[in-house]
Amino acid sequence: MAPPEYDAVDTNEELIAWSREYCRTVRRERGVDVRFDLVEWAVSTRAKRRAAAVERPTLPDAKVGDPYDWDSVPGADGRPLPCTVSLTRAAFESFDRSEWEATLRHELIHVEQYQRDGTTGHGPAFRRRAAALDTDVHCPAFADPKYVLTCRDCGGLVARRYRDCKLVRERERYRSDCCGAGLALARGPE
Ligand SMILES: [Zn+2]
Ligand SMILES: [Zn+2]
């Protein structure tokens with residue numbers, strides 16, 4: 001499917017399509033050495049602290065910085081075994097675009113390392129790549145939002161906020177985009 005605009009991402013399929021396309025752009029523009037035909041994508045809707053993760057097989061004797069002998073893996077035909085980039089839906093919801101893009105660049109480094117070395121970690125090699133790709137060394141985590149505003153009519157999510165802001169304080173003055181209805185505070189300290 002053709003990737004949607006970032007602001008139009010709705011379904012999990014669209015989240016994958018957008019994220020995959022972004023990663024292809026990063027590979028093209030920044031020279032990341034990744035084979036996307038050997039990458040699978042998934043969206044996790046379970047509650048997690050990590051914004052995304054690369055799920056991969058554990059390989060004997062794999063070491064970061066040491067190109068892995070994929071010929072030694074039965075059935076691999078000398079190619080890296082597939083790995084899965086798992087995207088956490090709630091992280092996408094709570095991050096802004098630049099945070100989400102940085103998350104994807106972080107995971108791309110894991111894929112690059114894994115496909116070359118058979119494993120990946122946050123050591124010095126990762127740090128150098130993270131600096132080159134302008135992303136964090138630590139796996140991006142996210143917190144539960146303090147406030148969740150929903151539509152009074154349909155119950156749909158309107159906004160998550162991490163701090164008391166105007167939208168939270170003056171929510172009586174706002175209307176939902178979906179139904180033009182008032183906003184309910186579905187989660188908050190009050
Ligand atoms: Zn990481
Ligand atoms: Zn609504």
Side-chain angles (χ1 to χ4, degrees), residues 1 3-4 6 9 11-145:
M1 83 187 258
Y6 180 83
V9 169
T11 66
N12 290 343
E13 288 69 34
E14 288 167 348
L15 175 57
I16 287 173
W18 190 91
S19 300
R20 190 201 285 132
E21 184 63 22
Y22 174 75
C23 286
R24 289 204 171 113
T25 307
V26 172
R27 177 176 64 175
R28 202 166 53 236
E29 292 179 353
R30 305 210 196 201
V32 186
D33 191 11
V34 162
R35 282 188 61 166
F36 285 118
D37 59 326
L38 301 173
V39 175
E40 283 153 22
W41 298 79
V43 171
S44 172
T45 51
R46 281 173 299 162
K48 285 182 177 168
R49 285 279 160 256
R50 283 167 74 182
V54 174
E55 289 154 14
R56 58 193 164 83
T58 305
L59 297 159
D61 304 324
K63 212 170 101 232
V64 173
D66 212 353
Y68 198 71
D69 178 15
W70 290 105
D71 283 319
S72 70
V73 180
D77 281 336
R79 295 176 313 181
L81 293 171
C83 61
T84 300
V85 178
S86 175
L87 311 171
T88 304
R89 179 81 207 196
F92 170 73
E93 306 282 357
S94 64
F95 283 3
D96 66 22
R97 179 174 180 157
S98 69
E99 291 170 322
W100 186 246
E101 290 178 348
T103 299
L104 292 172
R105 294 197 300 279
H106 178 103
E107 301 308 326
L108 262 185
I109 298 171
H110 281 309
V111 174
E112 183 180 54
Q113 280 194 339
Y114 162 72
Q115 288 188 344
R116 188 188 54 221
D117 300 340
T119 189
T120 177
H122 295 120
F126 194 100
R127 204 169 304 137
R128 282 192 297 274
R129 290 302 278 150
L133 291 179
D134 186 26
T135 188
D136 290 325
V137 172
H138 299 287
C139 275
F142 68 103
D144 286 328

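We use all heavy atoms of the structure for the numbers below, so side chains are in, but hydrogens, waters and symmetry mates are not. Start at 1 with the first residue, then count along the sequence.
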_Gap separating the OH atom of Y6 from the CZ atom of F92, nearest 0.5 angstrom_ = 4.5 Å
*asked:* I'd like to check the side chain to side chain donor-acceptor pair (under 3.5 Å) partners of R35; sequence neighbours left out, ordered by chain and number.
replied: D37
_Inter-residue atom distance I109.CD1 - H122.NE2, 0.5 Å rounding_ = 8.5 Å
*Short question: side chain of T135, backbone of A102 - any donor-acceptor pair under 3.5 Å?*
yes
What donor-acceptor contacts under 3.5 angstrom involve side-chain atoms of residues 60-71, with partners at least two apart or in another chain?
from	atom 1	to	atom 2	distance (Å)
Y68	OH	P60	O	3.1
D69	OD1	D71	N	3.2
W70	NE1	Q115	O	2.9

*For R97, enumerate each residue passing the side chain to side chain donor-acceptor pair (under 3.5 Å) test, keeping only those at least two apart in sequence or located in another chain.*
E101
*With sequence neighbours left out, which residue pairs that include part of residues 106-119 fulfil the salt bridge (Lys or Arg N to Asp or Glu O under 4.0 Å) condition?*
E112-R129
*asked:* Among V9, V85, V43, exactly one meets side chain to side chain contact (heavy atoms under 4.5 Å, CB included) together with I16. Which residue is that?
replied: V43
_On a heavy-atom basis, which atom in V137 and which in R127 lie closest, and how many Å separate them?_
CG2-CG, 3.7 Å
*What is the distance from atom CZ of R105 to atom CG of D136, rounded to the nearest 0.5 Å?*
9.0 Å
*Enter the distance from R89:CZ to N12:CG here, rounded to the nearest 0.5 Å.*
5.0 Å
*Looking only at non-hydrogen atoms, find the nearest pair between P82 and E40 and report the distance.*
CB-OE2, 3.8 Å
*asked:* Holding to side chain to side chain donor-acceptor pair (under 3.5 Å), I want the full list of residues that pass it with S98, two or more places apart in sequence or in another chain.
replied: D96
*Please examine the side chains of V54 and T120, heavy atoms only from C-beta on, and report whether any two atoms are closer than 4.5 Å.*
no
*Is the closest side-chain heavy-atom distance between F95 and T88 below 4.5 Å?*
no
*Going by heavy atoms in the side chains, are L108 and R30 under 4.5 Å from each other?*
no
_Gap between atom CH2 of W41 and atom CD of E13 - 0.5 Å precision_ = 14.5 Å
*F126 and H110 aromatic ring geometry - parallel, tilted or perpendicular at 30°/60° bounds*: tilted
*With side chains defined as the heavy atoms from C-beta onward, is the minimum distance between Y114 and V34 less than 4.5 Å?*
no
*Side-chain donor-acceptor contact under 3.5 Å, E55 with T84*: no
*So which heavy atom on C83 is nearest to which on R56, and how close?*
CB-CB, 4.1 Å
*asked:* Please determine whether side chain to side chain contact (heavy atoms under 4.5 Å, CB included) holds for the pair L104 and V26, giving the CA-CA distance in whole Å, both sets of side-chain angles, and the decisive distance to 0.1 Å.
replied: CA-CA 9 Å; L104 292 172; V26 172; over 6 Å; no
*For R27, what residues pass the side chain to side chain donor-acceptor pair (under 3.5 Å) criterion, not counting sequence neighbours?*
none
